[in-house]
Asks: 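Take a look at the following structure, please.
Computed from heavy atoms alone, side chains included, the values below leave out hydrogens, waters and symmetry copies. Indexing begins at 1, ligand by ligand and atom by atom, following the structure's order.
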Amino acid sequence: MHHSILPGLFILLSALSSSYAGKVLVVPVDGSHWINMKVLIVELHAKGHNITVVRGSSNLYIEEQSPLYTSITVDTGELDRDFMEKFLPHLLKMQRQDRSFWSEMALADELYRKLSEFNWKVFNMTAAMFENETLMNSLKDAAYDLVLTDPALGGGVLLAHRLGLPLVLNVRWTMFGEAHFDIAPSPLSYIPVTGLQLTDKMTFIQRVKNVLTYIMVLHTGSKYFGSIYQEFSQKYFGPNVDFFSILQNADIWLMRNDFTFEFPRPTMPNIVYMGGFHCKPAKPLPDDLDKFVQSSGEHGVIIMSLGTVFGQLLSEINDEVAAAFAQLPQKVIWRHTGPRPANLGNNTLIMDWLPQNDLLGHPQTKLFVAHGGTNGVQEAIYHGVPIVGIPLTFDQPDNLARMQAKGTAKVVDIATLDRTVFLEALKEVLHNPSYRENMQRLSRVHHDQPVKPLDLAIFWIEFVMRNKGAPHLRTQAYRMSWIETWRPILCFS
Ligand SMILES: *[C@@H]1O[C@H](CO)[C@@H](O)[C@H](O)[C@H]1NC(C)=O
Ligand SMILES: *[C@@H]1O[C@H](CO)[C@@H](O)[C@H](O)[C@H]1NC(C)=O
Ligand SMILES: *[C@@H]1O[C@H](CO)[C@@H](O)[C@H](O)[C@H]1NC(C)=O
Ligand SMILES: *[C@@H]1O[C@H](CO)[C@@H](O)[C@H](O)[C@H]1NC(C)=O
């Protein structure tokens with residue numbers, strides 16, 4: 001029996017540990033997206049690949065100096081650095097005080113304008129690169145094997161096309177929305193569009209809403225970004241070049257989710273699911289934190305974190321959250337920046353940064369209070385910790401709606417959150433065992449894979465290096481020139 005397994009295992013291992021040292025040009029997106037990209041960079045570096053990172057001078061998180069990579073900094077002028085800090089209180093106030101259709105539209109418009117400004121930064125940065133002959137020549141001379149980029153912004157896609165290099169995407173969102181919608185058939189009858197918190201089981205009315213929202217998202221994407229990307233592509237690549245085709249031409253789509261997270265849906269041969277690729281087994285906690293966790297005894301610990309970008313809520317909300325925590329026998333570790341909330345119980349520890357992965361992996365951890373960003377949800381699945389969700393914005397409500405539909409999370413509406421509502425949600429997830437059981441089941445399924453998600457991602461990046469792309473996996477079927485004409489056809493078919 002051993003004889004039949006061993007050769008297969010050997011081939012698998014030798015394929016995974018290929019010694020080809022390549023050159024990778026990385027065009028990342030700043031903020032929480034950079035955290036994802038860095039996971040791939042660390043692993044590529046460990047495998048001996050040479051990495052160059054293109055960054056804008058206004059980037060907040062992407063370091064210029066790093067032992068992992070060489071960086072190229074392009075002057076992008078100043079960015080509105082505290083946009084997120086200003087945007088969140090604004091959003092929360094609107095949700096709590098004036099949640100009308102019109103105020104939501106106004107807020108969405110503000111957000112789209114901001115996204116459009118980010119995209120303009122990228123156009124300006126990319127144009128500055130394209131027009132700098134010294135730089136472009138040095139990039140050509142460096143003979144990279146591929147471009148690795150996050151297509152939430154399009155700079156890397158444009159640069160790869162300019163340099164004629166294979167393209168690997170680290171993706172969940174493109175500038176147009178959820179990435180599957182850009183390449184895979186996406187029947188709207190059972191694939192919910194982001195924004196409505198629907199599941200794969202929709203009523204007739206919900207399907208109608210799903211279709212209408214899809215059309216609106218298409219329209220907005222095209223109005224704010226699509227047309228500008230199109231103009232840019234035509235200016236630099238010629239009148240017949242369609243940006244959307246350039247994007248669709250990417251060799252491999254490393255998708256930051258999997259089917260423990262996502263509802264089952266049609267996919268494509270060049271989509272590689274690497275959900276959970278950033279998750280690791282928990283390391284031991286620092287001594288003082290470990291003492292605090294151990295002191296929770298049989299009641300266990302609750303972890304609360306709202307992600308990289310959002311350090312705090314409105315103080316009125318913080319006070320309610322603190323008051324609810326104070327009534328529990330559990331210990332609480334809360335990532336919170338800013339003023340100390342009133343009503344803080346002596347069971348609650350406030351930290352401005354916490355080792356989230358190690359805490360979630362700790363056996364004493366009973367519950368994760370999360371905003372529902374993809375990274376955090378994947379970590380909760382990986383470690384099998386049920387969620388009380390407080391979605392704030394972007395894809396968070398939809399991510400948490402998925403978890404709620406799978407019976408692994410309870411979602412609380414920030415608009416009506418007070419100590420009673422929040423405490424009830426905490427108690428329900430703590431005391432009703434189904435949440436934990438469902439999450440542990442998802443976790444087991446997530447771990448039961450032949451190859452770890454990160455190894456799979458690196459395999460495919462190295463595959464593209466060795467084979468100079470992966471054109472044999474790209475479909476021809478949907479490559480038409482107009483976003484507006486092909487996308488609806490794709491989705492309604
Ligand atoms: C981009 O460049 C244009 C033209 O140079 C300029 O008007 C615009 O303000 C720039 N946009 C951003 C976001 O930097
Ligand atoms: C062009 O790129 C080179 C190399 O990165 C850089 O030193 C130079 O300042 C750039 N020139 C302009 C005009 O930005
Ligand atoms: C990696 O590539 C860059 C850009 O081509 C080059 O400047 C650098 O010397 C290389 N580093 C190593 C360790 O080979
Ligand atoms: C913490 O607060 C609870 C309730 O207010 C109180 O009973 C308990 O003695 C306090 N514990 C410590 C260590 O201060």
Asks: State whether any protein heavy atom lies less than 4.0 Å from atom 7 (O) of ligand 2.
Replies: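 No, there is no protein heavy atom closer to it than 4.0 Å.
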Asks: Near K23, which atoms of ligand 3 are under 4.0 Å from a heavy atom of that residue?
Replies: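 Ligand 3 atoms under the 4.0 Å threshold to K23: 2 (O), 4 (C), 5 (O).
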Asks: So that I can tick it off, tell me whether E117 and K114 are bridged by a salt bridge, with the cut-off set at under 4.0 angstrom between side-chain N and carboxylate O.
Replies: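 Yes, this pair counts.
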Asks: Ignoring hydrogens, just give me the one of N50, I72, L25 whose non-hydrogen atom is nearest atom 1 (C) of ligand 3.
Replies: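 Ranked by closest heavy atom to atom 1 (C) of ligand 3, first place is N50.
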Asks: Give the numbers and elements of all ligand 2 atoms closer than 4.0 Å to a heavy atom of L135.
Replies: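 Heavy-atom distances to L135 below 4.0 Å select 2 (O), 5 (O).
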Asks: Tell me whether the NZ or CZ atom of R162 lies within the 45° cone about the ring axis of F130 and under 6.0 Å from its centre.
Replies: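 Yes.
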Asks: So is T76 polar-close to ligand 1, meaning N/O to N/O under 3.5 Å?
Replies: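 Not met; the criterion fails.
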Asks: Under 4.0 Å from atom 14 (O) of ligand 1, can you find at least one protein heavy atom?
Replies: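 Within 4.0 Å of atom 14 (O) of ligand 1, protein heavy atoms are found.
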Asks: Relative to the ring of F176, is the ring of F244 parallel (under 30°), tilted (30 to 60°) or perpendicular (over 60°)?
Replies: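 F244 and F176: tilted rings.
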Asks: Would R335 count as a cation-pi partner of F368, with NZ or CZ less than 6.0 Å from the six-membered ring centre and within 45° of the ring normal?
Replies: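 No, R335 does not lie over the aromatic ring of F368.
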Asks: What protein heavy atom sits nearest atom 2 (O) of ligand 2, and how far off is it?
Replies: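 Looking only at protein heavy atoms, the one closest to atom 2 (O) of ligand 2 is N132 ND2, 2.3 Å.
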Asks: Ion pair present between R256 and D150, side-chain N to carboxylate O less than 4.0 angstrom?
Replies: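 Yes, charged N to carboxylate O under 4.0 Å.
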Asks: Quick one: sort the F463 and W460 rings into parallel, tilted or perpendicular, breaks at 30° and 60°.
Replies: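 Taking W460 first and then F463, their aromatic rings sit tilted (interplane angle of 30° to 60°).
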Asks: For atom 11 (N) of ligand 3, is there a protein heavy atom at a distance under 4.0 Å?
Replies: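 Yes, because at least one protein heavy atom sits under 4.0 Å from atom 11 (N) of ligand 3.
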Asks: Report the distance from atom CZ of F225 to atom OG1 of T174, rounding to the nearest 0.5 Å.
Replies: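 Separation between the atoms: 9.5 Å.
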Asks: Which ligand 3 atoms, with their elements, are less than 4.0 angstrom from a heavy-atom of A142?
Replies: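 Counting from 1, the qualifying ligand atoms are 5 (O).
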Asks: Could you find the nearest protein heavy atom to atom 5 (O) of ligand 1 and give me its residue, atom name and distance?
Replies: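 Among all protein heavy atoms, the one nearest atom 5 (O) of ligand 1 is N124 ND2, 4.7 Å.
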